[in-house]
Amino acid sequence: MINFAPMDFIVDAAIRAVKALYNTDINATDITLQQTRKEFEGQVTIVTFPFVKLSRKSPEQTGTEIGEFLLNELADVSAFNVIKGFLNISISDEYWIGQLYNQIARPEFGVYPPKDEKVMVEYSSPNTNKPLHLGHIRNNLLGYSVAEILKANGYEVIKANLVNDRGIHICKSMLAWQLFGNGETPESSGLKGDHLVGKYYVVFDKEYKKQIDELKALGQTEEEAKKNAPLIIQAQQMLEQWEAGDVAVIDLWKTMNSWVYAGFAETYKKLGVDFDQYYYESDTYLLGKDIIDEGLAKSVFFKKEDGSVWIDLTAEGLDQKLVLRSNGTSVYITQDVGTAQLKYSQYHMDKSIYVVGNEQDYHFKVLFLILKKLGKSWAPGLFHLSYGMVDLPSGKMKSREGTVVDADDLMEEMEQTAKTHTEALGKVNSFGETEKEQLYHTIGMGALKYFLLKVEPKKRLLFDPAESIDFQGHTGPFIQYTHARIRSVLNKAGYTSGEASTDIKQLDALERELILALNQFPEAIMQAARDYSPAVIANYVYELAKTYNKFYQDKAILKDEVPADVRQFRLTLSAAAAKIIKRSMSLLGIMVPERM
RNA sequence: GCACUCGUAGCUCAAUUGGAUAGAGCAUCUGACUACGGAUCAGAAGGUUAGGGGUUCGACUCCCUUCGAGUGCACCA
């Protein structure tokens, strides 16, 4: 059996120590256990300041008393030292060696047993009027990674994509294509479908601006001109026709959306993300009205004289929020109420995560509050995974000003950079062409994904296109390289997994440090899930790779002077490191190569 | 104006959730047995954690306040 809290035996003993010494009952949560800092002797540290009140003795004395107790009680505790309020405990090398062979080296290590709980992770959720950009990449990578992390924690996960396929924005592209497109198609133009549609979105905007200027020249104010420009009026008409089911408009809409979907599919594939369930706003945009009725009956909502329906959230520190227009049609939040219900009715999931940018913080606060007030039993399981915008040095990305970092372009560039780096090192000259292409993709995407995922989701991210993403230091390729190098050693040694344990009894400091790092993998997985933060995994695996590299640099494995049992032991240690690096990276959606 | 989020080395990020002398990478400088793979490793230098006040054994972390940045505050989505 894999033990997911290997240090619990220390906690238990500490509780007994406090009981025996100070006759007080404490809980496991009262004990702060942390890894001992490298500059001190020991591997596990108990913070003993909180017990000083109970012992009425100095921190040093208290620590010493508890230390003595642990030393007597636990066979695996080999020594301790006390510095101020910190009790540093040394655990025997036999324990750590056993931990490696019996826990860490096993395939199930870090795979939590099924929880019998379902989570839906909604992410990506693109508009169908333009191609994906860097902001979408962050969204996609976050969503995918969080889904993988939740799976590793034993959840059943449904990855959902709510496609915003209707509305004025797509009508703008459609109209511009109709007026200026001359029947251009992805085939005829050689453009990827989403880029083609995006091109006409830009055309619309350009022509629209022209009309605005003309109207202003005729004496209209900016505001008037924006409202009166023929193009915007036409686009609005088109939307009405769409809603009325006009066959020609629907046909055009279907055609152009199909172009976009083909383009998205390509981008998603390259990004390495996927979905179990697609929702389309064209199907869901009318949902939610019946729930508004339900809420009216329960007096969660109230109706104004003009017929519009509202919810009053002033008691919660928010405002009054409209949920139904006076003409009876629904608004954005109404749809989301309906879609949330639809999702739940379909899957009965315990949790539902929305991966959406932080500009919608308020929206989700209101949405979740509405569902709670409606008494939905599943409302507490809703969570908005809010992430920061990706900014350029010049500020926000603006599609109209052409400062958007296109997703396809960026991925292409990353592969090119990977190619340049790799060729300069000249280590893979024996690779075939397709093998090389794959490798460049793996490394380029590794650099990009790691760059985006190592930052805490809620923080905003600065991306400087002029400064290429690093391949050295705290980066994806650094970790990939560590993996490739371990694999190389293992291959050279002809190592196969599951080889017999050795009777090694003592550890070198670097070996011990490495086992400790490996041992923290399950905790990192758990913390990443608790915080919905791939950054936890990213930083963990970096630390691990660094620890391995330090070990590797200093300790020979295959050299002649290394005794057979030590060699065998270090191979097991290396194999475990490679495995956990690979698994960690896969939680980030990053592949690791065998050679690079 | 109101609300939310953020502010850590020149730059990009950490800090075991309130614990020890705030750690990494990049950039700069110095070094590594003729490389079990140098996309590596060792070292130097770099900090009043935006400023001020408070809470306590202890604060980057919690509270108040000032400053700065971002976002939101539509019968748009």
Side-chain angles (χ1 to χ4, degrees), chain A residues 32-37 39-40 45 47-50 52-53 59 83-86 88 127 164 166-169 281 285 304 306-310 317-319 321-327 329-333 335-336 357-363 365 386 388-389 391 395-396 418 421-422 424-425 427 443 447 451 454-456 458-464 467 469-482 484-490 492-493 520 523-524 527 530-531 535-536 538-539 542-543 545-546 549-550 552-560 562 567 570 574 595-596:
Chain A
T32 315
L33 213 63
Q34 55 190 41
Q35 196 168 2
T36 306
R37 294 213 163 193
E39 57 266 40
F40 304 108
T45 295
V47 182
T48 55
F49 283 113
V52 171
K53 288 191 217 72
I83 295 163
K84 292 192 275 183
F86 299 93
N88 302 322
N127 291 350
N164 185 1
R166 64 162 286 280
I168 193 73
H169 52 83
E281 259 189 47
Y285 82 108
K304 288 195 179 173
D306 61 2
S308 58
V309 181
W310 298 72
L318 306 176
D319 300 320
K321 184 85 185 170
L322 177 100
V323 292
L324 219 51
R325 296 191 185 101
S326 51
N327 66 8
T329 57
S330 54
V331 290
Y332 178 44
I333 200 146
Q335 288 175 45
D336 270 3
N358 64 9
E359 73 253 308
Q360 297 203 37
D361 284 356
Y362 186 78
H363 171 76
K365 225 181 244 182
S386 164
M389 300 287 97
D391 289 323
K396 220 180 156 174
H421 275 262
T422 307
L425 293 168
K427 295 184 196 173
I443 297 176
F451 176 81
K454 77 172 177 182
V455 183
E456 231 181 297
K458 74 175 170 189
K459 291 201 175 170
R460 62 185 273 259
L461 202 60
L462 190 75
F463 176 81
D464 188 349
E467 226 175 277
I469 292 174
D470 274 322
F471 281 59
Q472 271 153 11
H474 190 181
T475 67
F478 169 92
I479 298 159
Q480 291 174 320
Y481 172 77
T482 305
R485 199 166 56 172
I486 299 173
R487 295 300 311 165
S488 166
V489 172
L490 295 174
K492 189 162 277 185
Q520 282 186 310
E523 203 186 312
Q527 198 192 326
R530 192 196 58 201
D531 298 349
V536 171
N539 287 307
Y542 172 64
E543 281 302 323
K546 236 175 20 156
N549 285 339
K550 214 196 288 182
Y552 175 90
Q553 200 76 18
D554 206 60
K555 300 294 162 202
I557 301 169
L558 301 181
K559 291 196 174 151
D560 291 343
V562 182
R567 168 192 160 111
R570 287 179 180 167
S574 297
R595 293 175 57 196
M596 63 187 276

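All figures in this text were calculated on a predicted structure; none of them were measured in a lab. Just so we're on the same page: letters track the sequence lines, and every chain starts at 1.
Along RNA chain B, the nucleotide closest to N539(A) and the one closest to K365(A) are compared, and the more 5′ of them pairs with K365(A).
At least one side-chain nitrogen or oxygen of K84(A) sits closer than 4.0 Å to the OP1 or OP2 atom of U21(B). Put simply, Y481(A) has a side-chain N or O that comes within less than 4.0 Å of OP1 or OP2 on A39(B).
Base engagement by R530(A) is indicated by at least one non-hydrogen atom pair under 4.0 Å involving a base atom. Using a 4.0 Å heavy-atom criterion, one finds that K304(A) contacts no nucleic acid atom at all. Heavy atoms of T475(A) sit nowhere under 4.0 angstrom from any nucleic acid atom.
Base pairing analysis places C36(B) opposite nothing; no Watson-Crick or G-U wobble pair with both distances below 3.5 Å involves it. With a cut-off of 3.5 Å on both Watson-Crick or G-U wobble distances, the partner of U8(B) is given as none. Under the Watson-Crick or G-U wobble criterion, with both distances below 3.5 Å, G72(B) is paired with C2(B). When Watson-Crick and G-U wobble pairs are counted only if both distances are under 3.5 Å, A42(B) pairs with U30(B).
In the model, N358(A) has no side-chain atom that pairs as donor or acceptor with a side-chain atom of R460(A) under 3.5 Å.
Base orientation for U5(B): anti, the chi torsion being more than 90° from 0.
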